[in-house]
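Since we're looking at a predicted model, the values are computed, not measured. Side-chain atoms are counted along with the backbone in the values below, which use heavy atoms only and exclude waters and symmetry mates. To find a chain, count down the sequence lines: A is the first, B the second, and so on, and within it residues start at 1.
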Amino acid sequence: MAATAADSATPTISAADMTTHLAVLRHDAVEEPSSSSKSEEKIASEIEIGNLTINESNNKFFHDPESSNIKTISSGDTPYASAFTFEELNLLPELLKGLYVEMKYEKPSKIQAISLPMILNPPYLDLIAQAHNGSGKTACFTLGMLSRIDPKLKAPQAFCICPTRELAIQNLEVLRKMGKYSGITSECAIRSAFGNEIHTGKKQTIRPPITSQIVIGTPGTIRHRISFNKLSLSYLKILVLDEADHMLAEDGFKDDSVNIMNKIRCVNPQCQVLFFSATFNETVKEFAAKIVKGNHNQLFVKKEELSLQSVKQYKVNCPDELAKVMVIKDRILEFGERVGQTIIFVRTRNSAITLHRTLVEIGYDVTTIQGALKQEDRDKIVKEFKDGLTQVLISTDLLARGFDQDQVYMHRIGRAGRFGRKGAVFNLLCGDADETIMTKIENHFGTEIAEVPDWRNEEDFVVALRSAGLL
DNA sequence: AAAAAAT
């Protein structure tokens, strides 16, 4: 099982364990969602919050039968028309060129069609938006940030805060690609990024104030830079929270996010705030609705409509831990090698280390990423996987953010089948606890996940993979 | 209960 350079059409298998192992098969390396995704993701509506009104009448989107399952809520009185083309958004020609030439987009995806007019038009209301993994979510806020920058003003005008350093780096890559012709400057604010600090030879580091127009980083570092007066808030126009559910959850980065928001509001009350995430639970939804400025917009998707159609999901009952290892080795990795790359998600750092050791001992070539590794190692491992130099990646939730079972699950399976590419997910269940969780997930999303009848039977996996379109 | 992220 030598790791060979993956050809570009290869799918990916990833496996995870949530107490449980979850295995996912995909058709390509981890990549950002495309805007003009061909996938027929369904975005449906819901919601009726307090005094907010559903604003359908002025939205072209609702007259498009194909898209009638999206609903928006606006507490403002600004009518928005969905953008069917990027031209309608009055973007700078340099940005339009970036979209077409660099990003290879043709037209806005559904979520982009609805959210971009809300983001880009005065009075620049705050927005709480839920969008699929792979539906072009990143491009929404990336384009939002780029479009609102005054190119002549060399000062921070847009921030994006993300729950992991990896995500910050990835978002910056997308932004730079999209903004290639714009001349807009950007940088990462993450702890170990090689910034432009000056090492004095002693312990302390002198860091100049940030002049980049867009800053993407992790909450702790952004907060730190602000409190040390290295990151000016005076010209800030737009703040984005990526994976906003996690950024606002009690258990997540709530303190940092709220602290940053408060500081911004203090200096700059009119700054627009965008909350983007694939999932929002009720608590976070309510909290977000509370901290936005009075009038704001919301976009939500029914949870029944959330799962990705291009990703087939299965469950595999494994009688014991050894069976899990056997399935990973003989099925997931063997088929994964033929089909593309594999991510194996595990619940703890320890399981990651243990599984890595077990697989290496029996001769498999795998890499592992988890938060205890040095940042340079993490960067290297992610890059190698993205470049197709490695075939199998074991990961903790570092690469699949979320904060409760259902949402972790969503984020994890979202790693497969990006862009509507084909993928398969195998949930490796061992014991009653795992099965209970699986049932809860099925109930939550209102779907039943197909079972691979016998973990020992190769043919059962062949059938599953064929059905997923991977063989 | 675990993981991520600031010092």
#### Entry: Any A/Thr221 side-chain nitrogen or oxygen under 4.0 Å from OP1 or OP2 of B/dA5
no
### Message
Of the listed nucleotides (B/dA6, B/dA2, B/dA5), which one gets closest to any side-chain atom of A/Arg378?
### Response
B/dA5
### Message
Whole angstroms only, please: what is the CG-C1' distance between A/Leu167 and B/dA3?
### Response
15 Å
### Task
Rounded to the nearest angstrom, tell me the gap between atom CD1 in A/Ile161 and atom C1' in B/dA6.
13 Å
#### Entry: Set of residues satisfying ring-ring contact (aromatic ring centres under 6.0 Å, His included) with respect to A/His224, sequence neighbours excluded
A/Phe228
### Task
Check the distance between B/dA3's P and A/Met247's CE and give it to me in whole angstrom.
19 Å
### Query
What is the distance, rounded to the nearest whole Å, between atom CZ of A/Arg347 and atom P of B/dA1?
10 Å
### Query
To the nearest angstrom, how far is A/Gln375 atom CD from B/dA4 atom C1'?
11 Å
#### Entry: Side-chain donor/acceptor of A/Gln157 to backbone N/O of A/Asp150, under 3.5 Å
yes
#### Entry: A/Gln370 and A/Thr396: side chain donor to acceptor below 3.5 Å
no
#### Entry: Length of the CZ-C1' vector between A/Phe253 and B/dA2, whole Å
13 Å
#### Entry: Given B/dA4, B/dA6, B/dA3, the nucleotide with the shortest approach to the side chain of A/Leu398
B/dA4
### Message
So, does A/Arg223 get its side chain near the phosphate of B/dA5, meaning an N or O under 4.0 Å from OP1 or OP2?
### Response
no
### Message
Just N and O in the side chain of A/Thr218: are any of them under 4.0 Å from OP1 or OP2 of B/dA6?
### Response
yes
#### Entry: Contacts of type ring-ring contact (aromatic ring centres under 6.0 Å, His included), residue A/Phe141, not counting sequence neighbours
A/Phe276
### Query
In this structure, are over 12 heavy atoms from other groups packed under 6.0 Å from A/Lys329 atom NZ?
yes
### Query
How is A/Arg165 classified with respect to the nucleic acid when contacts are heavy atoms under 4.0 Å: base, sugar-phosphate, or nothing?
sugar-phosphate
### Task
Select one nucleotide: of B/dA6, B/dA4, B/dA3, the one nearest the side-chain heavy atoms of A/Thr164.
B/dA4
### Message
In whole Å, I'd like the distance from the CG atom of A/Asn259 to the P atom of B/dA5.
### Response
19 Å
### Task
Figure out the CD1/P separation between A/Ile369 and B/dA3, and round it to whole Å.
14 Å
